[in-house]
Amino acid sequence: MSKQLTVSLSPHEKGDLSVKQIMWGVVIALIPTFLASVYFYGLNSLRVVFLSVTFCIVSEFLIQEFILKVKVTAFDGSAAVTGLLLAFNVPSGIPWWQLLVGAIAAIGIAKMAFGGLGNNPFNPALVGRAVMLASFPVQMTTWPEPMQKIWTFGADAVTTATPLTSLKDAIREGKRIVDLADLIPSYFDLFIGNVGGCVGGISVVAILLGGFYMLYKKIITYHIPVFFLLSMVAFTGVFWLIDPDKYVDPLFHILAGGVMLGAWFMATDMVTGPMSIKGQIVFAVGGGILCGAIRLFGTYPDGVAYAILIMNAFVPLIDKYFKPKRFGKEVNYEQ
Amino acid sequence: MKLKTFKLGGIHPPENKLSAGAPIEILPPPGEVNIPLSQHLGAPAVPVVKKGDKVKVGTLIARGEAFISANIHASVSGTVLKIDDVVDISGYRRKAVFIKTEGDEWEDSIDKSEELISEIKPEPIRIVEKIKEMGIVGMGGAAFPTHVKYMFPEGKTADTLVVNGVECEPYLTADHRVMLEKSDEILSGIQVMKKAGKVDRAIIGIEANKPDAIEMMTKKAENIPGVEVVPLQVFYPQGAEKQLIKALLNREIPSGKLPLDVGCITNNVATALAVYEAVQKNKPLVERVVAITGKKLSKTGNFKVRIGTPAGKLLEALGEEIPAHTSKVICGGPMMGKAVNSLEVPITKGISGFILIDGSEAGRREMENCIRCGKCVYVCPMGLEPYLLERLAENKNYGGCETSGIVDCIECGSCSYTCPASRPLLDYIRYGKASVMRIMRERRQK
Amino acid sequence: MNPLILYPVFILGIVAAGAAVTLFLVAKKFKVDEDPRIDEVLDLLPGANCGGCGYPGCRGFSEALVDAADNGDLAGFMCPPGGSDTMSEVGRYLGLDVDEAEPTAAVVRCGGSRQKAPQQLHYDGPAKCAISHALFRGANGCPLGCVGLGDCVDVCDFDAIHINRETGLPEVETEKCVSCGACVEVCPREIIEIRPRGRKDRRVWVCCVNKEKGAVVRKNCKAACIGCGKCEKVCPEKAGAIRVENFLAYIDPEKCIACGLCIPECPTGAILATFQPPKKKSRAAPGKTAAEKVAGKKVETAKEEVKQ
């Protein structure tokens, strides 16, 4: 027997799940998406991911060590997740220094300025992306064509438009959907990711794989992704039913662009989401509708990032008004 | 078939029922016992013996005079050494009666035979008196005086007796063994309690990880009208009375109310056994079954011990040394029990087990920032928001605690168990709850 | 000039002017008439907002002071950080006399250091005295002594109290202490007391609050007051400052003349002072060891008594 017994308060049992496990679990869940991006964009994608993760971890380390002088938690996986998501949200031809600006915005402004992990109101990766999109609109919307010059670095690749961009431009010019068959890739291409787009936003199958892994590991619950996608389908579906000439079908909407990545990985970010299941459903439905609205009526071709950021701002309100169901309240059992 | 359970929250910690296969052994009375005068919820009992008095097993040594209190009887025969302070399981000093054992002489009125008496002679009111006289308290952990449960306030009646054979805490096996070995007595005790509470229906809830106990009880209960055995899905905290009633009857006890408000009386199986012995055999609560277990012990066991025996005697009886690197001794279950700082603490009426925890499992992980994962909210069986309550209690915002329902907390520990950031959720909530209860009491007095 | 620049300048100018006028009018209309003396008194106060006066911040205190001055009585008001200097200034400004208050400081009344009261177990949980106290007895076995987790340190706005790493006990830096009473309020075991600083900073106090029987206390702590009453006997008759109740001595700071006679008398060394106490006449040199011997003997006899 040790000399002094430990005395602590109950419970004396402890579950296995830790913050580190959750964060690295998300990283593992993002691996299929990463592999898909390397397959479609080659070394360029590897470069972007590597740089982004490094920038994020290093900037978190530097801020914690030298500016805030607090305990360094840069390696708990949360900065790596931010770095991965940031990389997945930019085109593969992005110059390194622009990525650095994004990483510093994500970690420095969106996360550490609010007190580090757990205290940030907005999703850091999305803030980084928003800052980059506002600062470097040209580079952020120059999309290299997939499956070409796999083994070269640099931004000299042949560029293409994302399905959403070309669609938006065409509709703006007054064309009808039925005439755009050559512009819209097949659902299969969209599903596996053989289209132009962000590093990690293209391959739906890879994202789903990661998403199911997180469900299996109980890192997330199904509520946010499912309700996000459902509400988006419902919203875009209504308009499609009204005027299929002007609006594209909902299946295209949830397969194209960053919706899958957003719904599975960014809306489910625990820190910036609501706590109760009810609240999460409200959050997801709001996000889906906003995203659809931005896509159909906004200037940006894809609105996932902004939809989630806007819903992030509502989280404190949602937490206040959507409480879990209490035991023993609202019961009228009479003898 | 999907087994019944409660709907809201809950967790499933590793069961670790190591001592489930060990039959109950009888521990001979130790050389000296110290019997605390406050073994139950409510006011401490008032001693009626003094230094030098000779007592027999079953002699009344302290009387529970307050409404919520319980009688205490000598658990060994011998001489009263002194009435002095003893360190209880929370480490505070409480009054206790020390008795030196001389022989093993029982009070004459006690029927020590093994014969089963199933005919219930006394009238309900007499049964309740008997339960009170014999000092029976809830033996599941809280040690609430049992007779109080059967003294219904004006206008209240019960229709169901809920018998708790759940034993949802990991490690503990005392109730399991009692159900296996004393099933006839338990069923007879249930009949006694049914008569005392004037109910016709009794439901015994047993978790599915005790298939032998379920089988045994079901078989024995077949011929008894109005007694039903229901297997339950293994889920913590199913042994809490609110969750148990919800699981078995789908009745939800309103916040701040008691089981009686939904027509239920709840009792533990071990209490049923004690009631049987008290009413039919005239035997006060002087011994109980306690499990001693731990992953590093080569042998674990269940012992019938006299109240007031130091916990260390259990290990002796097992023939085991305290394993090296043991750094925590838990009295009760690992989810709600208390860590004690020595094996000298006396066994009381409400203690159902001692667990030795190895140093590798004893410490808490380092606390991290809350990552708002919401897992504490999902697992809370009362539908509270532990993360919020922790924050409110830490900032001493007791008004906020009260409106967020902190007094509903049953302190089951599911939130702290689950929290990936290892936050001390329950510690703060318990502190906040105590403060809020104090404030509410003061407000009522005004 | 390019009208593209001119128009915005023009329009924004109008908006700005409009806003300025509105603000001015609103400020005029909704101006709260306030006693100008409140601000003046506020300027005299230290501005620490410590709450030691019992009012919500310095502003609350100054409002209360002006209120009281209108009623013509400033008795009972005290600004602990400012002391009597501040209060007399305030009194002068408000034209009233102020009680001359004795300067005070916080003292920690527990001597259960790591050495004197060794830890008997390892506490694993949130480092908050309040929680530890509410839920169990404390690591050194004394149910009334210092928990040592530093709630008082967290609450001190003046950086005047710190946990000594060696002893595990809080120590007050008297120069910094303004006796605001925050630590007294937060301590769950009521160990910290505000006591007068005494003439020439000479003060004596019993460094223990344990009311358990001597024998019981001694099991856990070698520095505890065992209630033997020696100090009570040695205390000069005219002072009569020491009283032993419930096995605990207490020195009344109002009566204590800080002679220091009781200090060498204490068998456990539980009486502390801010000055060098007079040596005991008979055993001057080995005073301390002798005192400890006495203590040991006493405890033994006490133990025997209990056993019998």
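Throughout, protein chains are lettered first and strands after them, A, B, ... in sequence-line order, and every chain is numbered starting at 1.
Per-residue heavy-atom pair counts under 4.5 Å with chain A were compared for T418(B), I357(B), I330(B), and the maximum is reached by I330(B). Ranked by heavy-atom pairs under 4.5 Å with chain A, the list C376(B), P13(B), G405(B), C380(B) is led by G405(B). Counting heavy-atom pairs closer than 4.5 Å to chain A, the top residue among S404(B), G337(B), A421(B), C415(B) is G337(B). In terms of non-hydrogen atom pairs under 4.5 Å with chain A, the most contact-rich of K257(B), R364(B), E361(B) is R364(B). Between chain B and the options Q280(A), M270(A), M275(A), heavy-atom pairs under 4.5 Å are most frequent for M275(A).
Electrostatic pairing of E366(B) and K71(A) counts as a salt bridge here, judged by a charged N lying under 4.0 Å from a carboxylate O. Ion pairing of D159(B) with R251(B) is present here, as a side-chain N (NZ or NE/NH1/NH2) and a carboxylate O approach within less than 4.0 Å. Residues D358(B) and K328(B) are not paired through a salt bridge, judged by the lack of any N-O separation under 4.0 Å between the basic side chain and the carboxylate. Ion pairing of R326(A) with D408(B) is present here, as a side-chain N (NZ or NE/NH1/NH2) and a carboxylate O approach within less than 4.0 Å.
E241(B) contributes no side-chain N or O that, together with a main-chain N or O of P259(B), makes up a donor-acceptor pair within less than 3.5 Å. In this structure, the side chain of K111(A) does not engage the main chain of T82(A) through any donor-acceptor pair within 3.5 Å. Remark: the backbone N or O of M266(A) is paired with a side-chain donor or acceptor of N123(A) at under 3.5 angstrom.
For K246(B), the part lying near chain A is the side chain, with the backbone staying farther off; criterion is any non-hydrogen pair under 4.5 Å. Looking at D319(A), both its backbone and its side chain come within 4.5 Å of chain B, counting heavy atoms on both sides. Heavy atoms closer than 4.5 Å to chain B are found in the side chain of I22(A), but not in its backbone. For a residue to count as touching a neighbouring chain, one of its non-hydrogen atoms must lie under 4.5 Å from one of that chain's; by this rule S78(A) does not touch chain B. Contacts of L388(B) with chain A are made by side-chain atoms alone, with heavy-atom separations under 4.5 Å and no backbone atom involved. Only the backbone of P381(B) comes within less than 4.5 Å of a heavy atom of chain A; no side-chain atom from C-beta onward does. Looking at L384(B), the atoms closer than 4.5 Å to chain A (heavy atoms on both sides) sit in the backbone and in the side chain alike.
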Review point. Given the rule in the ring-ring contact (aromatic ring centres under 6.0 Å, His included) test, do F235(B) and F6(B) qualify, once you have shown the distances and angles that lead to the verdict?
Key: CA-CA 8 Å; F235(B) 223 40; F6(B) 58 99; 5.6 Å; yes
